[in-house]
Protein chains: 2
Amino acid sequence: MATIKDVAKRAGVGVGTVSRVIAGSGPVSADATNRVRRAIAELRFRPSHAARALPKGQSQTIGVFVPLVHGAFYTPILHAIYATLREHGLHMVVDFGRTLETERQDALAGAEFLTDRGCDGLLIMATALKRADIEHIAQLQPKFALLNRSVPQFRANCFGPDHQAAGAAAGRALCAAGHRRVAVIEGPARSSDNRLRIRGFLEALSECGIDPDSVPREQGDFSPESGRAAAEALFARGRNFTALFCANDEMAIGALAAARQAGLAVPQDLSVMGYDGIDLAALTVPPLTTVVIPWRQIATHALHHLLNLCYGMNLPVPPDVPAQVLYRESVARIA
Amino acid sequence: MATIKDVAKRAGVGVGTVSRVIAGSGPVSADATNRVRRAIAELRFRPSHAARALPKGQSQTIGVFVPLVHGAFYTPILHAIYATLREHGLHMVVDFGRTLETERQDALAGAEFLTDRGCDGLLIMATALKRADIEHIAQLQPKFALLNRSVPQFRANCFGPDHQAAGAAAGRALCAAGHRRVAVIEGPARSSDNRLRIRGFLEALSECGIDPDSVPREQGDFSPESGRAAAEALFARGRNFTALFCANDEMAIGALAAARQAGLAVPQDLSVMGYDGIDLAALTVPPLTTVVIPWRQIATHALHHLLNLCYGMNLPVPPDVPAQVLYRESVARIA
DNA sequence: GACCAAAATGGAACCGTTTCCAGTGTAAGA
DNA sequence: TCTTACACTGGAAACGGTTCCATTTTGGTC
């Protein structure tokens, strides 16, 4: 591989001049610029990223951690982040968790990996992180933003929706449609955002005069398959409910499949409500009524904040729009 | 940030010794090892990735390009790649394309980004790449593997299913179920794998005595939404077919939604067949009959080949299992 | 033609590692 | 006691860029 010295020699200039041509820093005569450009092309010179990052101490790269590679939930968020980064000519290095069970340790390992990688800032999505973990990350790389996890100590670095309010909106919507007997498929207990949305949902029910303790609940792991299994377990316990709230859309998709398998028509025999507002929810059979969280927007704002931090930019970080129930066809109004 | 020199000073040894302790290369006395380890811990020393990669010329990192961040198709493949990489203690840097339209140029830019990033090898998934593009990539980084794109010149580096055979299997399955009037939702014409599977499908139909030219066709872009639109267009042209073959499962999901919207029961009024065998296809309403391509396996084998190339490993690269039709409930047998 | 500021330039020092080589200390063998 | 081998060690050189400083060149002014 050709180095900057080879280019300098070929162009008949010093290495400093070559560097200035490449980076556009400092004055270079038109003549020298041309000779350097030609030499670069002829030698197919490509500057080494490692050699470049070493003296500069900056890599124009943001590190992103996402709990899972797959699934309909995380990837659109990643897409939004990536698009924004590209707009600003920045690079992204992603690290993924293996499973939701190992999310916490994966996120910690990911933060180390990304920091070691010379990322200028970290955008981390992991609800399973404890306060001490976040302190650890802050020590590793003070320039970071947290997505969907909030701790008072780092309030300014935390971005995410008000899950409790959003959960409450779901509860109120079901009550308003006349449902009095409701079941819930919740996510993993370790996930703080799950706990909040379930709490909000049950509180709303309570305000409508429904005893939260009477609500049958099953737990899934946010995957469609787990939603199916949870729904089946719920059906097996005797189907004395008219509506089913799922802690995310993917589990709701599984619940829809389970309902069909059980011979239940949605929404005539059973209403199903999701959460998150993933794109796929528009294309289920029937189309899913869900609580839309403006995830892409939230992610973009978190990133804006991070870029302001890292590069002294001045990107807007407006308050997020609140979550809203999107009425499609999976919830029926009953007497 | 502490450097290796600080550690050496604190431990009262030379930098060479510290480096040997960290890398486990060369002999170091137990005493020195302990002092170094302690100093590392006390100073919270973390070796700089950039400084390390510079003299070594290797980064223990594989670069992966995937056409899209989001969607149900690419991410499980990425997941399989990531899992294998972790098993071998290697890192991954991913680059994504923006849209399927820009796949070709994004893949090219991605190859450059990943190479500049010091990746030891490249795993690239992009059907839109032309032969010259691949030559360019080979020049950039001779250690590469191609997923789902095959060119004779680089036969050994290419991995992917036999789309034509798989498409034919779909066609035969529909014929065997008694369907004589069939429609097709195909993917983008620029996508070589799409062309192959459609060709195989139509050839199989032809062998069953169905005129390929009589088959109504609409084009989508592999997204669920485009599948819905294509199905609607097909319905609008008069629904004189009993079965619909979709070039991938995601478009089939969209077609299912369109069918419901049109008041068509699947499979009673219309049979729908997918392609790929994504996980979600098991949870649609009704569960989708599809051609299962062993994508995870293919990706793993491509990666094995690449690792053998990069690190002189000796990982198995067995022939892939052929694609198979998985019968679920979206295709009816008719008279 | 002399002078000066600004533009342009070459090259040394530096970034933080790895690697290699020369050198020291020690134990075993003659 | 003297070699000899070997384990261990320190430090210089190298990796390929960026940056800064000293120096040369240029163009404009009087």
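Predicted model only: the values in this text are computed from it and were never measured. So you know, we letter chains A, B, ... as the sequences are listed, proteins then strands, and number each from 1.
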Within the structure, does a side-chain N or O atom of B/S19 lie under 4.0 Å from either OP1 or OP2 of C/dT18? yes
Taking only side-chain N and O atoms of B/S29, does any of them lie within less than 4.0 angstrom of OP1 or OP2 on D/dC8? no
Using a heavy-atom cut-off of 4.0 Å across all strands, would you classify [X] as base, sugar-phosphate, or nothing?
X: B/A32; answer: sugar-phosphate
X: B/P47; answer: sugar-phosphate
X: B/T3; answer: sugar-phosphate
X: A/G118; answer: nothing

Side chains of A/T61 and B/R117: any donor to acceptor distance under 3.5 Å? yes
Just how far, in rounded Å, is [atom2] of [N] from [atom1] of [X]?
X: B/N34; N: D/dT9; atom1: CG; atom2: P; value: 11 Å
X: B/R20; N: D/dG10; atom1: CZ; atom2: C1'; value: 8 Å
X: B/D31; N: D/dA7; atom1: CG; atom2: C1'; value: 14 Å
X: B/L54; N: C/dG16; atom1: CG; atom2: C1'; value: 9 Å
X: B/R35; N: D/dG10; atom1: CZ; atom2: C1'; value: 13 Å
X: B/Q60; N: C/dT18; atom1: CD; atom2: P; value: 12 Å
X: A/K9; N: D/dG16; atom1: NZ; atom2: P; value: 13 Å
X: B/H49; N: C/dT17; atom1: NE2; atom2: C1'; value: 12 Å

Taking all non-hydrogen atoms of both residues, which atom of A/L85 and which atom of A/M92 are closest, and how far apart? CD2-CB, 3.7 Å
If you check the [X] side chain, which of [options] turns out closest?
X: A/V13; options: D/dT9, C/dT17, C/dG10; answer: C/dG10
X: A/P27; options: D/dT9, D/dG16, C/dA7; answer: C/dA7
X: B/S48; options: D/dC8, D/dT18, C/dT17; answer: C/dT17

Is the centre of the B/F113 ring less than 6.0 Å from the centre of the B/F65 ring? no
Among A/L78, A/I77, A/I124, whose side chain to side chain contact (heavy atoms under 4.5 Å, CB included) with A/V64 holds? A/L78
Judged by nearest nucleotide, the residue sitting upstream toward the 5' end of DNA chain C, A/V15 or B/A23, is A/V15
Less than 4.0 angstrom from a charged side-chain N to a carboxylate O is my criterion; do B/R46 and A/E112 meet it? yes
